[in-house]
Amino acid sequence: MDRKSLIEFYKETDYKTKSLSIRGIPPRPSEWNVPLFIKKVYPENIDLFKNSINNNQVEVELEQEDLDYFKALLLHESLFNFYKAFYNYLCALKLYDGGLQHWIEITAYYAKFYLANSIIDLTGKSRYIVTGSSKNFVEDIYKLVNNNGYQSNIRKNGSFVASYARYGIEININPSLNEGKLIITNDLGSGGSHGYVWNKYSDLNTKEIGITELTHSYPQHLIEERNLENYSFEGYRQLDFNLELDNFKSYFQREYIKNQSNLIYTSETAIILGVIGELFNLFEELKVNELPIEKEKLIHMCKYTLGESEQSKKLSDLICSGFPSKNKFLDEYYCYESN
């Protein structure tokens, strides 16, 4: 899949109308929308679901009307993750004044995570986990994809206990071929939501759509680094109180972090801001009417989060100029790194 075919796929998408949920309001939070949609259409399409079983999962081929609906939804979810990534990027910048290396790294990770989510959505993939406690859970669907699990959750009196039941719903669309499937499965994959995202991201060749790779290593290492920082003795290493006072002060020194507090491309965020700019321009290039990707919103987030700081002014300037790939703020970062 290349950039041209992706743009062609989204051409003339009716975002404003089609992205509305069956409740008549925008699908926010978006995670509710597809499970709710499935719950509503299932009673009228029971035979379709039953006849679409393949290897213990439901696989429904999407017709053009379905594709029109889901590509509007995927755009919505991609944008939602894009704004979350930008918000986390701003949060990371805010931490440079305090030299807070640990939280800068963690927050930068989440910015990358949401960017990966945004790219995956845009290229036609999304997943939803429906648990037995959800109001959108459909008992018959669970029985279809996991009959053994269903039987083990039936009490002696014949009643079904949904507490431990769950299934996954996946959208799998190929924009190049303008075709796709809706999949309902009991195989939810391994590694949790983060593992799923980075596995899907690994399958993409982002360069084909003009987006720089978020990491040159296997993306799973980002999870490992986050877990190392968050959950092991390697995390918060600057707080080793067993050091002598003078050594403690020296070890706590994070001036090289503070010295970047006026930069917008930094050692942890340069790749993030680069991909944010590339994604913004890709959204613009889709030319989808009334798609809410607006410079004014990003500038408002900058000013509200960073105030009248140098970072805020530089970011506003960069946004107004349309995130050019070559710019004076990137040159400023290269100059800092070379000294």
Side-chain angles (χ1 to χ4, degrees), residues 3 6-7 10 74-96 103-123 197-198 200-201 204-216 219 222 226 260-286 288 291-306 309-334 336-337:
R3 191 181 185 94
L6 190 66
I7 292 170
Y10 284 108
L74 288 167
L75 271 177
H76 174 86
E77 296 190 5
S78 183
L79 276 171
F80 200 70
N81 278 301
F82 172 83
Y83 279 104
K84 287 164 78 173
F86 188 70
Y87 175 76
N88 276 270
Y89 160 76
L90 292 175
C91 292
L93 285 192
K94 190 75 173 176
L95 296 168
Y96 272 86
W103 280 109
I104 291 170
E105 291 173 355
I106 297 301
T107 311
Y109 165 80
Y110 277 100
K112 292 176 183 177
F113 174 72
Y114 291 127
L115 279 175
N117 255 313
S118 181
I119 295 166
I120 292 165
D121 289 333
L122 191 62
T123 53
V197 167
W198 292 118
K200 287 294 183 185
Y201 181 80
L204 297 174
N205 185 345
T206 60
K207 291 181 180 179
E208 289 186 347
I209 59 172
I211 302 294
T212 304
E213 292 179 12
L214 288 167
T215 174
H216 294 296
L222 294 172
R226 180 202 63 163
Q260 297 180 74
S261 60
N262 287 327
L263 302 178
I264 56 174
Y265 292 93
T266 71
S267 53
E268 287 292 335
T269 67
I271 187 65
I272 296 168
L273 183 54
V275 173
I276 284 171
E278 291 169 345
L279 254 182
F280 178 87
N281 284 306
L282 178 53
F283 282 128
E284 291 250 290
E285 201 171 339
L286 297 180
V288 173
L291 190 68
I293 181 73
E294 298 150 337
K295 293 178 181 179
E296 291 78 11
K297 288 178 180 175
L298 298 177
I299 292 171
H300 178 79
M301 291 171 72
C302 291
K303 291 182 176 179
Y304 185 84
T305 307
L306 303 173
S309 66
E310 281 298 308
Q311 288 172 319
S312 180
K313 294 173 184 176
K314 291 175 180 178
L315 267 174
S316 296
D317 188 343
L318 183 68
I319 295 165
C320 284
S321 62
F323 292 102
S325 58
K326 295 180 180 179
N327 60 76
K328 60 186 177 182
F329 306 117
L330 190 54
D331 292 339
E332 179 185 41
Y333 167 65
Y334 288 145
Y336 170 83
E337 285 289 296

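These numbers come from a predicted model, not from an experiment.
Put simply, the side chain of Phe86 reaches to within 4.5 Å of the side chain of Ile319, judged on heavy atoms. For the pair Leu315/Ile299, no side-chain contact is recorded, criterion being any heavy-atom separation below 4.5 Å from C-beta on. No side-chain heavy atom of Asp121 sits under 4.5 Å from any side-chain heavy atom of Leu75. Between Tyr336 and Asp331 the shortest side-chain heavy-atom distance does not fall below 4.5 Å. Looking at heavy atoms from C-beta onward, Asn81 lies out of side-chain contact with Leu115 at the 4.5 angstrom threshold. When side chains are defined from C-beta on, Leu90 counts as touching Cys302, because their heavy atoms get closer than 4.5 Å.
A donor-acceptor contact under 3.5 angstrom links the side chains of Thr212 and Glu278, judged on distance only. Using modelled atom types, one finds no donor on one side chain facing an acceptor on the other under 3.5 Å when comparing Ser267 with Glu337. Judged by distance alone, the side chains of Tyr333 and Thr266 never bring a donor and an acceptor atom under 3.5 Å apart. Between the side chains of Tyr265 and Asn327, a donor-acceptor pair is found at a separation under 3.5 Å.
Distance check, rounded to the nearest 0.5 Å: CD of Glu296 to OG of Ser316 gives 11.0 Å. We find the OG-CG distance between Ser78 and Leu286 to be 9.0 Å, quoted to the nearest 0.5 Å. The structure places CG of Leu273 at 5.5 Å from CG of Leu318, a figure rounded to the nearest 0.5 Å. Atom NZ of residue Lys313 and atom CZ of residue Phe329 lie 11.5 Å apart, to the nearest 0.5 angstrom. Here the CD atom belonging to Glu268 is positioned 9.5 Å from the CD1 atom belonging to Ile106, to the nearest 0.5 angstrom. One distance of note links OG1 of Thr269 with CD of Gln311; it measures 8.5 Å at 0.5 Å rounding.
Judged purely by atom type and a 3.5 angstrom limit, Thr123 uses its side chain to pair as donor or acceptor with the backbone of Ile120. Here the side chain of Ser309 pairs a donor or acceptor atom with the backbone of Leu306 at under 3.5 angstrom. Between the Glu213 side chain and the Thr206 main chain, no donor and acceptor come within less than 3.5 Å of each other. A donor-acceptor pair is defined here as one N or O able to donate and one able to accept, closer than 3.5 Å; no such pair exists between the side chain of Ser118 and the backbone of Tyr114. The closest donor-acceptor contact from the side chain of Lys314 to the backbone of Ile264 lies at 3.5 Å or more, if one exists at all.
Heavy atoms only, all atoms of each residue included: Ile271 and Leu214 are closest at CG1-O, 4.0 Å. Residue Tyr10 comes nearest to Val288 through the heavy atom pair O-CG2, 3.6 Å, listed as atom of the first residue, atom of the second, then distance. Closest approach of Tyr201 and Ala116 over heavy atoms only: CD1-CB, 3.9 Å. Scanning both residues, Leu263 and Leu93, for their nearest heavy atoms gives O-CD2, 3.9 Å. Pairing each heavy atom of Ile272 with each of Lys112, the nearest pair is CG1-CG, 3.8 Å. The nearest pair of heavy atoms linking Ile119 to Ile211 is CD1-CG2, 3.8 Å.
Ring-plane geometry between Phe113 and Tyr109 is classed as parallel, the angle between the planes falling under 30 degrees on a 0 to 90 degree scale with a further cut at 60. Ring geometry, Phe82 versus Phe283: the interplanar angle exceeds 60°, so the pair is classed perpendicular (tilted spans 30 to 60°).
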**Message:** Between Lys84 and Tyr110, is the side-chain contact (heavy atoms from CB on, under 4.5 Å) condition met? List the steps.
**Reply:** CA-CA 9 Å; Lys84 287 164 78 173; Tyr110 277 100; over 6 Å; no
**Request:** Starting from the C-alpha separation in whole Å, work towards a yes-or-no answer on side-chain contact (heavy atoms from CB on, under 4.5 Å) for Leu79 and Leu122.
**Result:** CA-CA 9 Å; Leu79 276 171; Leu122 191 62; over 6 Å; no
**Request:** List the steps and the verdict of salt bridge (charged side-chain N to carboxylate O under 4.0 Å, His left out) for Glu105 and Arg226.
**Result:** CA-CA 8 Å; Glu105 291 173 355; Arg226 180 202 63 163; over 6 Å; no
**Item:** Verdict with supporting geometry, Thr305 and Tyr89, side-chain contact (heavy atoms from CB on, under 4.5 Å)
**Value:** CA-CA 11 Å; Thr305 307; Tyr89 160 76; over 6 Å; no
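The residues Lys328 and Asp317 are annotated as salt-bridged, a charged nitrogen and a carboxylate oxygen being separated by less than 4.0 angstrom.
Heavy-atom contacts from other residues, nucleotides or ligands closer than 6.0 Å to OH of Tyr87 number 12 or fewer. Within 6.0 Å of NZ in Lys303 there are 12 or fewer heavy atoms belonging to other residues, nucleotides or ligands.
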